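Working notes for the structure below.
None of these values were measured; they are calculated from a predicted model.
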Amino acid sequence: MRVLKKYENNPVMSPDKMPKEVLYTFNPGAIKVGDEYIMMMDVTALDDIHRLWIARSKDGYNFVPDAEPVKMPPVDPFHPEVYTYDPRITKMGDEYIICYASDMGNNYVRLGIMKTKDFVTFERIATGSDLGNRNGALFPEKYNGLYFRLDRPFGNEQDPCAIWMSFSPDLVFWGQARQLQYKGKPFIDGHKMGAGAVPIKTDKGWLEIYHTVSTTCNGFIYRLKACLLDLDEPWNIIGYTDFILWPEHEYEMKGRVSNVVFTCNAIPEPDGSLKIYYGAADTNIGLATGNIDELVELCLENRNEK
């Protein structure tokens with residue numbers, strides 16, 4: 001049974017809808033602010049540099065990009081950014097905290113953290129990792145007085161790519177890192193994996209949409225799954241699903257990176273539905289919709305079968 005339905009008029013964003021000529025639009029963070037949907041996309045310009053670019057919508061289907069990319073705050077002199085991509089947006093009080101991949105070239109990637117109140121001006125908080133890290137997703141509340149987030153640290157080629165959790169008193173200094181666990185063992189799913197959406201709190205656990213990567217004789221396939229994290233010990237996974245979204249259409253199978261669906265967001269609606277804007281082949285952006293309760297129940301159904 002398909003729990004996510006793809007929008008019939010996908011893609012909702014593509015390079016030909018941009019105000020300037022660009023190569024690719026993909027992997028947006030997204031959030032609803034009042035009655036407006038904000039989509040912060042990865043956009044690759046003709047100089048082959050990834051930049052963050054905002055598109056806005058009143059209905060969640062028809063987006064209008066800003067005239068220019070995001071004006072990033074002054075760089076951290078110790079971590080000069082060349083590329084910025086894969087943002088996750090979390091509302092904390094009256095501010096929006098954005099975790100993103102801060103790439104200094106040669107795949108030297110750290111987690112950048114900045115904030116905004118209006119999605120016009122942005123303030124840098126920190127480079128929030130000293131070692132290789134990406135796929136940072138900040139939870140929308142604190143745990144025992146600490147900020148906490150999902151990470152995907154990397155650097156040692158022998159280490160499996162897995163999802164970790166870390167904690168911070170101030171969004172600057174991060175520690176107490178631990179790998180997500182399932183049934184008392186480190187959780188590894190696929191050749192590599194990483195957090196996707198900002199976790200959604202439900203009465204049965206934190207719902208997380210994540211990506212997992214499979215290998216084939218012709219390369220990688222990126223697909224989406226969901227898992228449910230314990231409310232009291234959020235590093236413990238209660239249950240997880242099989243694939244819920246996968247490449248199947250031409251706009252998802254052919255592009256800058258073929259055979260990819262990848263998300264950095266999941267927007268809950270008041271009626272319990274869910275909007276997920278996803279990168280398709282690192283070239284276009286699609287929309288899939290689903291139901292939060294159905295995804296939670298699917299995680300719970302499978303918890304004793306894995």
What distance separates [X] [atom1] from [Y] [atom2], expressed to the nearest 0.5 Å?
{"X": "Trp174", "Y": "Thr127", "atom1": "CH2", "atom2": "OG1", "result": "13.0 Å"}
{"X": "Ile292", "Y": "Ile200", "atom1": "CD1", "atom2": "CD1", "result": "5.0 Å"}
{"X": "Ile276", "Y": "Thr263", "atom1": "CD1", "atom2": "OG1", "result": "5.5 Å"}
{"X": "Asn236", "Y": "Lys183", "atom1": "CG", "atom2": "NZ", "result": "13.0 Å"}
{"X": "Gln179", "Y": "Ile188", "atom1": "CD", "atom2": "CD1", "result": "4.5 Å"}
{"X": "Asp230", "Y": "Leu180", "atom1": "CG", "atom2": "CG", "result": "12.0 Å"}

Across all chains, not counting sequence neighbours, the ring pair (Phe, Tyr, Trp, His ring centres under 6.0 Å) partners of Tyr278 are none
With sequence neighbours excluded, residues passing ring pair (Phe, Tyr, Trp, His ring centres under 6.0 Å) with Tyr37:
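In terms of ring pair (Phe, Tyr, Trp, His ring centres under 6.0 Å), with neighbours along the sequence ignored, Tyr37 is linked to no residue.
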Indicate, with yes or no, if [Y] and [X] share a hydrophobic cluster defined by side-chain heavy-atom contacts under 4.5 Å among Ile, Leu, Val, Met, Phe, Trp and Tyr.
{"X": "Val22", "Y": "Tyr85", "result": "no"}
{"X": "Trp53", "Y": "Ile31", "result": "no"}
{"X": "Val70", "Y": "Ile98", "result": "yes"}
{"X": "Ile89", "Y": "Met114", "result": "yes"}
{"X": "Leu229", "Y": "Phe187", "result": "yes"}

Any chance the rings of [X] and [Y] have centres within less than 6.0 Å?
{"X": "Trp235", "Y": "Tyr143", "value": "yes"}
{"X": "Phe139", "Y": "Trp206", "value": "yes"}
{"X": "Tyr182", "Y": "Tyr240", "value": "yes"}
{"X": "Tyr61", "Y": "Tyr7", "value": "yes"}

Exceeds 12 heavy-atom contacts within 6.0 angstrom, atom [atom1] of [X]:
{"X": "Glu95", "atom1": "CD", "result": "yes"}
{"X": "Glu248", "atom1": "CD", "result": "yes"}
{"X": "Lys32", "atom1": "NZ", "result": "yes"}

query = Between Phe119 and Phe122, what is the ring plane arrangement, given parallel below 30°, perpendicular above 60°, and tilted in between?
reply =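 Aromatic pair Phe119/Phe122 classed perpendicular.
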Would you call [X] and [Y] a salt bridge, taking side-chain N to carboxylate O under 4.0 Å as the test?
{"X": "Glu208", "Y": "Lys201", "result": "no"}
{"X": "Glu252", "Y": "Lys6", "result": "yes"}
{"X": "Lys225", "Y": "Asp189", "result": "yes"}
{"X": "Arg124", "Y": "Asp76", "result": "no"}

| query | So, Arg223 and Asn259: side-chain donor and acceptor under 3.5 Å apart, yes or no? | reply |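 There is no such pair between these side chains.
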- Message: Can a side-chain donor-acceptor contact be found between Asp271 and Ser273 if the only test is distance below 3.5 angstrom?
- Response: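 On atom types as modelled, these side chains qualify, holding a pair under 3.5 Å.
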Quick one: do Lys117 and Asp94 satisfy salt bridge (charged side-chain N to carboxylate O under 4.0 Å, His left out)? Show the steps, please.
CA-CA 7 Å; Lys117 288 186 176 181; Asp94 63 349; 3.5 Å; yes
Which heavy atom of [X] sits nearest to which heavy atom of [Y], and what is that distance?
{"X": "Asn265", "Y": "Ala197", "value": "C-CB, 3.5 Å"}
{"X": "Cys99", "Y": "Gly136", "value": "CB-O, 3.5 Å"}
{"X": "Ile237", "Y": "Cys227", "value": "CG2-CB, 4.2 Å"}
{"X": "Pro15", "Y": "Asn284", "value": "CD-OD1, 3.6 Å"}
{"X": "Phe220", "Y": "Thr215", "value": "CE2-CG2, 3.6 Å"}
{"X": "Pro65", "Y": "Pro19", "value": "CB-CD, 3.8 Å"}

Fill in: Check against side-chain hydrogen bond (donor to acceptor under 3.5 Å, both in side chains), Ser166 and Asp151
CA-CA 7 Å; Ser166 59; Asp151 293 323; 2.6 Å; yes
Before you tell me yes or no, could you show the steps for Leu274 and Thr289 under side chain to side chain contact (heavy atoms under 4.5 Å, CB included), namely the whole-Å CA-CA distance, both residues' side-chain angles and the distance that decides it to 0.1 Å? CA-CA 5 Å; Leu274 193 66; Thr289 57; over 6 Å; no
Any side-chain heavy atom of [X] within less than 4.5 Å of one from [Y]?
{"X": "Ser14", "Y": "Ile285", "value": "no"}
{"X": "Met92", "Y": "Leu138", "value": "yes"}
{"X": "Thr25", "Y": "Thr283", "value": "no"}

Practice item. Step by step, work out the salt bridge (charged side-chain N to carboxylate O under 4.0 Å, His left out) result for Glu294 and Lys5. Key: CA-CA 13 Å; Glu294 287 183 4; Lys5 180 182 178 181; over 6 Å; no
query = Of Val3, Leu224, Ile209, which meets side-chain contact (heavy atoms from CB on, under 4.5 Å) against Leu245?
reply =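 Option passing the side-chain contact (heavy atoms from CB on, under 4.5 Å) with Leu245: Leu224.
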Requested in this report: Apply the test side-chain hydrogen bond (donor to acceptor under 3.5 Å, both in side chains) to residues Arg256 and Thr44: give CA-CA distance (whole Å), side-chain angles for both, the deciding distance (0.1 Å), then the verdict.
Outcome: CA-CA 10 Å; Arg256 174 178 173 266; Thr44 308; 5.0 Å; no
- [ ] Evaluate side chain to side chain contact (heavy atoms under 4.5 Å, CB included) for Met253 paired with Ser258, printing each intermediate quantity in order.
- [x] CA-CA 5 Å; Met253 300 177 73; Ser258 300; 5.9 Å; no
Check your understanding: Taking it one step at a time, do Glu68 and Lys20 satisfy salt bridge (charged side-chain N to carboxylate O under 4.0 Å, His left out)?
Key -> CA-CA 8 Å; Glu68 300 287 342; Lys20 296 183 178 181; 2.7 Å; yes
Tell me whether the NZ or CZ atom of Arg152 lies within the 45° cone about the ring axis of Trp164 and under 6.0 Å from its centre.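 Arg152 over Trp164 ring: no.
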Looking at Tyr147, is Arg149 sitting on its ring face, NZ or CZ under 6.0 Å from the six-membered ring centre and within 45 degrees of the normal?
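No.
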- [ ] Run the numbers on Leu131 and Phe154 for side chain to side chain contact (heavy atoms under 4.5 Å, CB included), then give the verdict.
- [x] CA-CA 8 Å; Leu131 301 177; Phe154 63 96; over 6 Å; no
* To do: Output, in order, the C-alpha distance, side-chain angles, deciding distance and verdict of ring pair (Phe, Tyr, Trp, His ring centres under 6.0 Å) for Tyr277 and Phe63.
  => CA-CA 12 Å; Tyr277 299 95; Phe63 283 86; 5.4 Å; yes
Can you check side-chain hydrogen bond (donor to acceptor under 3.5 Å, both in side chains) on Tyr251 and Asn10, steps first, answer last? CA-CA 9 Å; Tyr251 67 90; Asn10 272 345; 3.1 Å; yes
Exercise for review: Apply ring pair (Phe, Tyr, Trp, His ring centres under 6.0 Å) to the pair His211 and Phe243, showing each step before the final yes or no.
Suggested key: CA-CA 9 Å; His211 66 266; Phe243 297 122; over 10 Å; no
